[in-house]
Amino acid sequence: MREHDLFERFESSFDDADTMRRKGKRAKRTADDAEPTRRGRMTEAEKLRVARLREDQLSTADTPQDGDRWSTWGDAEQGPKPHPGWLITELAAVDRELGIVKTGKEADVFLLERAIGEKACLLAAKRYRSNDHRMFHRDAGYLEGRRMKKSRETRAIANRTAFGRNLIAEQWAVAEFAALSGLWQIGAPVPYPVQRSGTELLLEFIGDDEGNAAPRLAQTRPDEDELLDLWRQLVSTLMTLAEAGLTHGDLSAYNLMVHEGRLIMIDLPQVVDLVRNPRGAEFLDRDVRNISGWFASRGLPPEIGDPSALVATLLDVAGMG
């Protein structure tokens with residue numbers, strides 16, 4: 001269309017301006033009287049229908065044919081560098097769940113395979129739950145010193161609202177990922193923390209290539225020499241933590257794994273800062289006495305596994321002696 005034709009059409013639009021003004025109110029009333037296509041807020045049933053439709057669309061929109069999801073590596077908080085050579089970091093990799101490894105009050109652990117082409121690695125996917133029906137085990141003491149910046153979040157946690165429970169779950173995931181990252185970097189025997197996304201942690205799988213998890217210390221029956229070697233490894237691990245000003249916080253023979261003769265510490269969401277937590281020394285003492293009791297029950301001589309002497313040594317290492 002030529003420019004002057006556009007100008008003429010623009011001018012002609014004002015020719016019947018008075019008529020348009022007279023019809024305006026009547027037209028508005030007619031429009032107001034018409035039945036609206038949607039009135040007020042959506043009903044709960046409509047919200048549910050839309051939510052289900054959205055979930056269905058998301059679940060089928062971009063799912064790989066040979067797995068449960070594409071790798072989430074690119075969108076997650078990643079573990080410390082250098083990344084281990086066995087870890088697959090390609091964004092085109094596919095994650096496939098192989099089954100459940102362990103269930104617990106606070107989290108469930110699943111076996112996950114991440115693969116691309118002929119390369120694959122096994123990971124432990126630890127997923128914290130908001131515990132709608134259970135509270136975190138003695139979380140009040142552990143959460144001292146981990147206050148939220150926003151008062152609304154602090155109140156939600158204190159009141160255990162649904163929002164607050166979700167915050168607690170994420171706090172514990174963040175705390176465990178940070179603890180594992182820091183301990184891995186100083187050489188502590190812990191699983192490599194691969195990534196964190198929300199309340200899901202992906203960790204190095206401690207077990208064989210067939211997906212069989214290594215046994216917990218509580219499941220082993222070491223002979224005299226093996227028991228002494230495991231005790232020495234334990235003391236070395238506790239010393240490493242104490243040097244960093246930390247203790248496990250809930251240590252037992254179920255939070256230690258034995259893989260190819262090596263003692264590995266797991267389950268660290270409640271790791272306790274010995275200095276900042278006013279009950280730090282109390283948690284350390286309990287950790288040592290719990291695990292010393294297990295070793296004593298398996299035949300470790302009391303002069304070797306004296307818990308009081310070990311606690312005093314660890315407090316001294318932490319600068320609290």
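Source: prediction; values computed, not measured.
- Look at D95 and R114 and you find a salt bridge, because one of the NZ, NE, NH1 or NH2 atoms lies within 4.0 Å of a carboxylate O, short of that distance.
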Next item on the list: Please assess D66 against R96 for the test side-chain contact (heavy atoms from CB on, under 4.5 Å), listing each intermediate value before the final yes or no.
Entry: CA-CA 8 Å; D66 53 348; R96 183 163 62 96; over 6 Å; no
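- When hydrophobic side chains of Ile, Leu, Val, Met, Phe, Trp and Tyr are connected at separations under 4.5 Å, W70 ends up clustered with V94.
- Nearest heavy atoms, L263 versus L256: CD1-CB, 4.0 Å.
- Closest approach of V194 to W73, counting heavy atoms only: O-CZ3, 3.3 Å.
- Shown here for A125 and L202, the closest heavy-atom pair between the two residues is CB-CD2, 3.4 Å.
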Next item on the list: Start with the C-alpha distance between L238 and L251, add both sets of side-chain angles, then the distance that settles side-chain contact (heavy atoms from CB on, under 4.5 Å), and finish with yes or no.
Entry: CA-CA 10 Å; L238 294 177; L251 187 60; 3.9 Å; yes
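- Shown here is D223, whose CG atom has more than 12 heavy atoms of other residues, nucleotides or ligands within 6.0 Å.
- A donor-acceptor contact under 3.5 angstrom links the side chains of E176 and Y128, judged on distance only.
- Using a 4.5 Å heavy-atom threshold, the side chains of D75 and S197 count as separate.
- Smallest separation of non-hydrogen atoms from D229 and G261: OD2-O, 4.1 Å.
- Closest non-hydrogen pair, Y192 versus G79, comes out as OH-C, 3.3 Å.
- The shortest side-chain heavy-atom distance between V311 and L315 falls under the 4.5 Å cut-off.
- Shortest non-hydrogen contact noted between W172 and P269 is CE3-CB, 3.3 Å.
- Looking at R69 and E200, a side-chain N of the basic residue comes within less than 4.0 Å of a carboxylate O on the acidic one, giving a salt bridge.
- For the pair E226/L228, no side-chain contact is recorded, criterion being any heavy-atom separation below 4.5 Å from C-beta on.
- For the residue pair E90 and S71, no side-chain donor N or O sits within less than 3.5 Å of a side-chain acceptor on the partner.
- Counted by atom type alone, T247 and D287 present one or more donor-acceptor pairs between their side chains at under 3.5 Å.
- One finds a salt bridge joining E170 and R196 here, because a Lys/Arg side-chain nitrogen approaches an Asp/Glu carboxylate oxygen to under 4.0 Å.
- No side-chain donor-acceptor contact under 3.5 Å links D273 and N277.
- Between R127 and D108, no side-chain nitrogen of the basic residue sits less than 4.0 Å from a carboxylate oxygen of the acidic one, so the salt-bridge criterion is not met.
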